[in-house]
Every structure is written in C-alpha cells, then in structure tokens.
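Computed over heavy atoms, backbone and side chain alike; hydrogens, waters and symmetry mates excluded. Not measured: the values here are computed from a predicted model.
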Amino acid sequence: MSTKAERAALIEMALKEWGVVVEILAERGEVWPNTDPTRWGPGLTRAMDRAQTLTEACAAIGAGDARDIGRLADLYDRTHGRH
C-alpha cells in the first residue's frame, strides 16, 4: 500500500512529464488530444512514453487522479488554469 505522500509525489512527477508533452505540442502548434502521433519526433514520443509509464504507476498505487492519460491531462489543465 502506498502512502499519501508517495501518491502525491508520483502524481507530481506525472504532471511534470505531461507538462513536457504539452510544451512540445505547443511548439508544434498542436494541443492534446488533437495531434497525430504518427508525425511525432523522438522527443515527443519519449515524453509521451514517460507520461504513460507514470500514469500506469499511478494506477498501480491508487493515485486515481492520474491513472491514465485522459485523467492526467485533465488534472494538468485544472492545476494550470487551462479549464
């Protein structure tokens, strides 16, 4: 079982990585989910892979707010005033 602090730390790591994805997409003039993954370069692909891995870890330890990319993206938008 994970502690609240462990869950918060993992969510923070996932949010930070999602911020990288958002930044790279913005540089390309794109936003999530309106993007074509088949046109991504290696940097964006790696950032998305890391974000996906972190969401899987969040799901495994019970950090529900970030248990998949959709929820992570929503949480990022809420915490960064994007909604």
Side-chain angles (χ1 to χ4, degrees):
M1 192 72 178
S2 64
T3 67
K4 184 176 181 177
E6 290 168 334
R7 289 188 300 275
L10 192 55
I11 288 171
E12 189 59 37
M13 289 171 53
L15 285 169
K16 183 177 179 181
E17 194 59 47
W18 188 252
V20 173
V21 171
V22 168
E23 182 178 307
I24 295 171
L25 286 173
E27 289 172 0
R28 297 167 48 92
E30 300 178 31
V31 295
W32 181 261
N34 302 319
T35 181
D36 180 2
T38 64
R39 299 181 53 112
W40 291 355
L44 180 53
T45 299
R46 278 190 229 110
M48 181 58 91
D49 288 346
R50 287 189 301 266
Q52 182 64 41
T53 299
L54 288 165
T55 62
E56 290 168 5
C58 285
I61 68 165
D65 286 348
R67 70 178 180 248
D68 59 46
I69 291 294
R71 283 179 171 76
L72 179 62
D74 289 344
L75 179 60
Y76 182 89
D77 288 347
R78 284 193 315 270
T79 60
H80 290 81
R82 297 172 55 104
H83 273 212

Excluding sequence neighbours, so at least two apart, what forms side-chain contact (heavy atoms from CB on, under 4.5 Å) with Gln52?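 Gln52 satisfies side-chain contact (heavy atoms from CB on, under 4.5 Å) with Thr55, Glu56, Ile69 once adjacent residues are dropped.
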
With sequence neighbours left out, what residues match Ala63 under side-chain contact (heavy atoms from CB on, under 4.5 Å)?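 Only Arg7, Ile11, Cys58, Ile61 meet the side-chain contact (heavy atoms from CB on, under 4.5 Å) criterion with Ala63.
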
Linked hydrophobic residues, Val31 as query - side chain contacts closer than 4.5 Å: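 Members besides Val31: none; it forms no cluster.
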
Could you pull out all residues at least two apart from Arg28 that satisfy salt bridge (charged side-chain N to carboxylate O under 4.0 Å, His left out)? Glu30

Could you see if Leu75 belongs to whatever hydrophobic cluster contains Leu10? Use Ile, Leu, Val, Met, Phe, Trp, Tyr and a side-chain cutoff under 4.5 Å.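 No: no chain of side-chain contacts under 4.5 Å links Leu75 to Leu10.
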
Treat each ILVMFWY residue as a node, draw an edge where side-chain heavy atoms are under 4.5 Å apart, and state whether Leu72 and Trp32 are in one component.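 Both belong to a single hydrophobic cluster.
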
For Arg71, enumerate each residue passing the side-chain hydrogen bond (donor to acceptor under 3.5 Å, both in side chains) test, keeping only those at least two apart in sequence or located in another chain.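 side-chain hydrogen bond (donor to acceptor under 3.5 Å, both in side chains) check on Arg71 returns Asp68.
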
Just distance, no hydrogens or angles: give the donor-acceptor pairs under 3.5 Å from side chains in residues 37-44, sequence neighbours left out.
from	atom 1	to	atom 2	distance (Å)
Thr38	OG1	Asp36	OD1	2.6
Thr38	OG1	Asp36	OD2	3.0
Trp40	NE1	Thr35	OG1	2.9

When the side chains of residues 17-24 are checked against the rest of the protein, which donor-acceptor pairs come out under 3.5 Å, sequence neighbours left out?
from	atom 1	to	atom 2	distance (Å)
Glu17	OE1	Arg50	NE	3.3
Glu17	OE2	Arg50	NE	3.1
Glu17	OE2	Arg50	NH2	3.0

